[in-house]
Number of protein chains: 2
Amino acid sequence: MIAGISYGEAKKTLGEQAYESIREEILSLRLYPGQTVYESDFTRMLNMSRTPVREAVRALAMERLIEVLPQRGMKIALISERQVEETRFIRESLEVSAVACVANQARSSEVKAYLEENLGRSLEEQRRFVRQADAVSFLHADDQFHQAFLRVLGNVTLTSIVTQMRGHLNRVRMLSLYEPKAMAQLVQEHEQIVQAVLAADSDWAAHAMRAHLGRLMDDLPIVKSRHPDYFEPSSTASTR
Amino acid sequence: MIAGISYGEAKKTLGEQAYESIREEILSLRLYPGQTVYESDFTRMLNMSRTPVREAVRALAMERLIEVLPQRGMKIALISERQVEETRFIRESLEVSAVACVANQARSSEVKAYLEENLGRSLEEQRRFVRQADAVSFLHADDQFHQAFLRVLGNVTLTSIVTQMRGHLNRVRMLSLYEPKAMAQLVQEHEQIVQAVLAADSDWAAHAMRAHLGRLMDDLPIVKSRHPDYFEPSSTASTR
DNA sequence: GTTCATTGACTTGTATACAAGTATACGGTA
DNA sequence: TACCGTATACTTGTATACAAGTCAATGAAC
């Protein structure tokens, strides 16, 4: 499964509302990995009937954020090292290609001006959150930064895939709770990517992005050792 | 009583069956792009109630193969040049990365033997369909060939994304109805990819795959001119 | 005490009933 | 004829009723 159903945020069906609410509960870890839940929990929580709740659940199951056990209930998906690495690999492949394309497009002064404006503002914001040592806001700003590139490409299918992939990665990142030093390192990498893109140097941009995303899950072992109960018992596998 | 043959068919819910049936109807063009359909058509066709049909429809809507018009019906998605190119770009990004990884893994003689066996057989099959000028079977064999690489990687998330992306591309390819010459050209490109992979030359493999997938939709303009009614009125856009 | 069939209280899967929005045919009015 | 409100026959969105699988407590048989 991929992609949202509609953009017009005007009239959202109950099903869409349910999807967004439940997904947010999962990604924020308020529903913890491994937790057993039932449709009835959500109908009570959201005050709607089973039909829209089920619709949301099916979508989240396709996204592998929920595991449905027929006739027995559902489990919030455990964080799987394998799933995380699969997802990271996909993000790396797509975003490296994307950033190279954007770098090429940055030869147009119009695109370049747009990028300079938007990415500059984003970097500023990131630095502010580093100074304030606000890890959660930083995480959000980081996501926005990456999304900004994809928006330039205008490939909505790609954007929605990456957004979905981020879901799996962000649960780990939420547990990471970066120190300011680590966040500063990330900002530095972002700055380099921006430099490369504005220089319209697609090779440099691709290389910088690959390095950046290659290190994305470096602290996964630490997170796992601190929250082993949130993780799937591992059988080491790597697609890297 | 003496039991009949026990088929190894896993227990599929009606919803899953509906999804697969309807998807196949769409990709085979038996439901033509732009056709108006209703849930009731599917309940009659599949002899099941609205609930599982709706589940399938929602999934296909997320995949953008069906467009749901609230209170008015549904339309089989028109082929969108933009969607096709977005999808092609994603396949190129992912499969280029994947084939490079596989080429690296082919240094292991075990993996190499597996690849030699499987890909060799697939190429043989492709050549047979070219000789027989059987374009539809060739299309299927082509898909199998590409899937074979992904299976080696073992990244199931990536595999399922590429499978989904193929859905959009294959409607165009189904209309292409290649001549033997064009098919032979594709086989030749496949052979080169195999050569590169078995030589464990990841750069070469990536380059060959990129060239191969870059030409994937070269005859889209011809197809469009022959079946303009299947296409969305274009507003030229490219992510390439 | 151990075993095992039974029962009942759960669950999700599926069918159906009801609510609400949309397009269209119709007929009165000018 | 042209216009326009209205009734109607559709559609999908949502709620609820029913079917069927799962699991654990129970208690009789040994």
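Per the geometry, CG belonging to A/Asp41 stands 13 Å off C1' belonging to C/dC10, to the nearest Å. Following rounding to the nearest Å, A/Arg44 (CZ) and C/dC10 (C1') show an atom-to-atom distance of 12 Å. The distance between atom NZ of A/Lys12 and atom P of D/dT14, rounded to the nearest whole Å, is 13 Å. One atom, CD of A/Glu55, and another, P of D/dA15, lie 11 Å apart when rounded to the nearest Å. Across the protein-nucleic acid pair, B/Glu67 atom CD and D/dT11 atom C1' stand 15 Å apart, rounded to whole Å. Between the C1' atom of D/dT11 and the OH atom of B/Tyr38 lies a distance of 7 Å, rounded to the nearest Å. Straight-line distance from the CE atom of B/Met74 to the P atom of C/dG21: 21 Å, rounded to whole Å.
Electrostatic pairing of A/Glu92 and A/Arg88 counts as a salt bridge here, judged by a charged N lying under 4.0 Å from a carboxylate O. Between B/Glu63 and B/Arg23 a salt bridge is recorded (basic side-chain N to carboxylate O distance below 4.0 Å). Ionic pairing of B/Glu86 and B/Arg82 is present here: one or more N-O contacts between side-chain nitrogen and carboxylate oxygen are shorter than 4.0 angstrom. Salt bridge present: A/Lys12 and A/Glu20 bring a charged side-chain N and a carboxylate O closer than 4.0 Å.
When each of A/Arg72 and B/Arg50 is assigned the nucleotide of DNA chain C with its nearest heavy atom, A/Arg72 is the one assigned upstream, toward the 5' end. Checking B/Pro70 against A/Met48, the closest nucleotide of DNA chain D that is more toward the 5' end is the one next to B/Pro70.
Closest to the side chain of B/Glu39, out of C/dT11, C/dT14, D/dT12, is D/dT12. Residue A/Gln71 places its side chain closer to D/dG21 than to any other of C/dA15, D/dA15, D/dG21. Looking at the side chain of B/Ser49, the nearest of the listed nucleotides D/dG13, C/dA15, D/dA15 is C/dA15.
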